[in-house]
2 protein chains.
Amino acid sequence: MENLTPVQKELYDWLVQYINTNKHSPSIREMMKAMKLRSPAPIQSRLEKMRNKGYIDWTEGQARTLRILQPHGEGIPLLGKITAGGLVEPFRDEQEKIDFGSFFNLPNCYVLQVVGDSMIEDHITEGDYVIMQSITSIQQAKDGDIVAARVEGYGTTLKKIYFSPSKVSLKASNPKYAPINVSPDQIQVQGSLMGVCRLHQK
Amino acid sequence: MENLTPVQKELYDWLVQYINTNKHSPSIREMMKAMKLRSPAPIQSRLEKMRNKGYIDWTEGQARTLRILQPHGEGIPLLGKITAGGLVEPFRDEQEKIDFGSFFNLPNCYVLQVVGDSMIEDHITEGDYVIMQSITSIQQAKDGDIVAARVEGYGTTLKKIYFSPSKVSLKASNPKYAPINVSPDQIQVQGSLMGVCRLHQK
DNA sequence: AGTTGCTTAGTACGAGTGTTCTAAGGTACA
DNA sequence: TGTACCTTAGAACACTCGTACTAAGCAACT
């Protein structure tokens with residue numbers, strides 16, 4: 001990526017710090033004062049150049065909508081792709097970052113730890129943490145979704161849900177477990193799978 | 001913490017979603033339209049109540065400075081265990097929390113995205129993010145560890161490593177890929193698997 | 001029916017804000 | 001010295017935005 005000039009870097013660093021502490025962007029006039037300038041024009045010029053270089057972006061005409069595109073703060077660097085097959089895939093130089101804290105930062109989310117092996121063919125295994133998003137009505141689930149559902153007599157389990165005109169089918173992704181077929185009013189869908197996390201012990 | 005009324009919760013969830021995707025706060029009039037209201041007053045009323053309850057805050061008089069407060073500390077609530085087999089496991093009331101941001105907050109870590117299916121039997125599949133810890137010497141790897149290793153002629157791949165007196169064996173966990181057997185000086189181990197993360201698209 | 005309390009509609013105002021324009025200042029280079 | 005180019009100053013404009021205010025709607029209760 002193209003480098004920043006000294007004045008651009010000074011502004012960029014100040015912006016990162018400001019947004020980090022205030023959790024929102026400053027206005028152009030605030031930047032102006034922080035850079036000890038007496039006119040908004042230089043700030044605007046620097047911002048446009050930094051946008052062209054891919055460091056920042058904002059929504060035109062709207063106040064305080066500036067955002068940092070490549071924050072070098074939170075997160076773990078994503079170095080590239082690795083092949084499991086055997087082909088060569090070079091490590092990238094660009095330092096994209098992943099912040100797993102906000103990776104699953106969705107409203108109404110909770111985590112469950114998996115016991116058992118009924119979702120093994122979807123690569124969800126014993127001990128995995130599954131990130132679920134709350135569901136209040138069964139209508140919010142779509143055909144094939146992996147859901148946490150409660151059925152009388154079966155308890156709460158993690159299954160794939162399929163809809164047919166008369167009934168709802170809950171299928172494990174492991175052939176040794178038979179599907180559960182019930183009418184929609186016998187089932188209570190509590191959440192829908194958003195992600196999976198696994199910690200390998202050493 | 002004091003609970004939110006339904007309309008407050010609807011607005012709160014929308015705000016979290018908006019800020020998550022746009023990286024800045026909406027204006028009151030944007031909230032107004034999103035809530036299908038025709039006046040800014042109800043939004044203002046709801047915001048003030050949510051601020052009093054400690055959910056949000058903003059800087060008075062300044063545009064788009066609203067921010068979500070996280071009084072429960074970072075993280076997603078861990079509600080309990082869920083069985084994949086069919087047994088009943090009740091949801092826990094205790095609100096243990098998991099912060100995936102610090103979940104993988106280990107020194108010398110980086111992330112790779114997986115291509116291919118050679119680790120499929122260890123439930124690491126295409127598109128998964130693998131969290132690796134840097135390794136400088138092959139001695140830091142233990143028998144059976146999943147490592148990112150570079151072998152001349154094979155590129156950098158994700159495999160299980162096994163040591164024998166004379167050679168090092170890299171095995172995929174997929175029978176259609178043959179193991180690679182080389183002498184220790186032909187292999188360069190770059191990292192060891194610490195965790196796996198997967199995002200399910202909706 | 002009347003009262004009370006809360007929510008919503010609608011409007012208005014002033015300050016904040018992004019943007020644009022012209023002019024002045026400064027620097028590099030011929 | 002002169003020219004070209006970029007940066008800065010300063011002002012002005014139009015629009016956005018937070019805020020305040022009044023009136024109307026609405027439900028619960030007396």
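Order of the sequence lines sets the chain letters (A, B, ...), proteins ahead of strands, with each chain counted from 1. Values in this document were obtained by computation on a predicted structure and should not be read as measured data.
Taking atom CD of residue Glu48(A) and atom P of nucleotide dC6(D), one finds them 14 Å apart after rounding to whole Å. One atom, CG of Leu47(B), and another, P of dT19(D), lie 9 Å apart when rounded to the nearest Å. The distance between atom CD of Gln44(A) and atom C1' of dC13(D), rounded to the nearest whole Å, is 14 Å. In this structure, CZ of Arg64(A) is placed 10 Å from P of dG18(D), rounded to the nearest angstrom. Glu60(A) has its CD atom 14 Å from the P atom of dT16(D), to the nearest Å. We find that CZ of Arg29(A) is positioned 12 Å from P of dA11(D), with the value rounded to whole Å. Summarising the geometry, the separation between CZ on Arg46(A) and P on dC6(D) is reported as 16 Å, rounded to the nearest angstrom.
Residues from residues 31-39 of chain A with heavy atoms under 4.0 angstrom of DNA chain D, sorted by number: Leu37(A), Arg38(A), Ser39(A).
The salt bridge (charged side-chain N to carboxylate O under 4.0 Å, His left out) check on Glu10(A) picks up nothing, with sequence neighbours excluded. Every residue meeting the side-chain contact (heavy atoms from CB on, under 4.5 Å) condition with Gln44(B), not counting sequence neighbours, appears here in chain and number order: Glu48(B). With sequence neighbours left out, the side chain to side chain donor-acceptor pair (under 3.5 Å) criterion links Lys9(A) to Asp13(A). Residues forming a side chain to side chain donor-acceptor pair (under 3.5 Å) with Asp185(B) (at least two apart in sequence, or on another chain): Ser183(B). When the salt bridge (charged side-chain N to carboxylate O under 4.0 Å, His left out) test is applied to Arg38(A), no partner is found at least two apart in sequence or on another chain. With sequence neighbours excluded, no residue satisfies salt bridge (charged side-chain N to carboxylate O under 4.0 Å, His left out) with Lys36(A). Partners of Arg29(A) by salt bridge (charged side-chain N to carboxylate O under 4.0 Å, His left out), not counting sequence neighbours: none found. By the side chain to side chain donor-acceptor pair (under 3.5 Å) test, Thr5(A) is found to be paired with no residue, residues two or more places apart in sequence or in another chain being considered. Remark: Lys160(B) engages Asp122(B) in a side chain to side chain donor-acceptor pair (under 3.5 Å) (not counting sequence neighbours).
Note on Ala41(B): a base of the nucleic acid sits closer than 4.0 angstrom, heavy atoms only.
The environment of CD in Glu126(A) is crowded: more than 12 heavy-atom neighbours from other residues, nucleotides or ligands sit within 6.0 Å.
In summary, Glu30(A) and Arg64(A) engage in a salt bridge, as defined by a charged side-chain N under 4.0 Å from a carboxylate O.
An angle of 20°, rounded to 10°, separates the two end axes of the helix from dA1(C)-dT30(D) to dA30(C)-dT1(D), each defined over five pairs.
Considering only side-chain N and O atoms, Trp58(B) lies nowhere under 4.0 angstrom from the phosphate OP1 or OP2 of dC17(D).
Chain B approaches DNA chain C within less than 4.0 angstrom (heavy atoms of the protein), and the contacting nucleotides run 5' to 3' from dT7(C) to dG16(C).
Each of Gln62(B) and Pro42(B) lies near DNA chain C, and the nucleotide nearest Pro42(B) is the one positioned closer to the 5' end.
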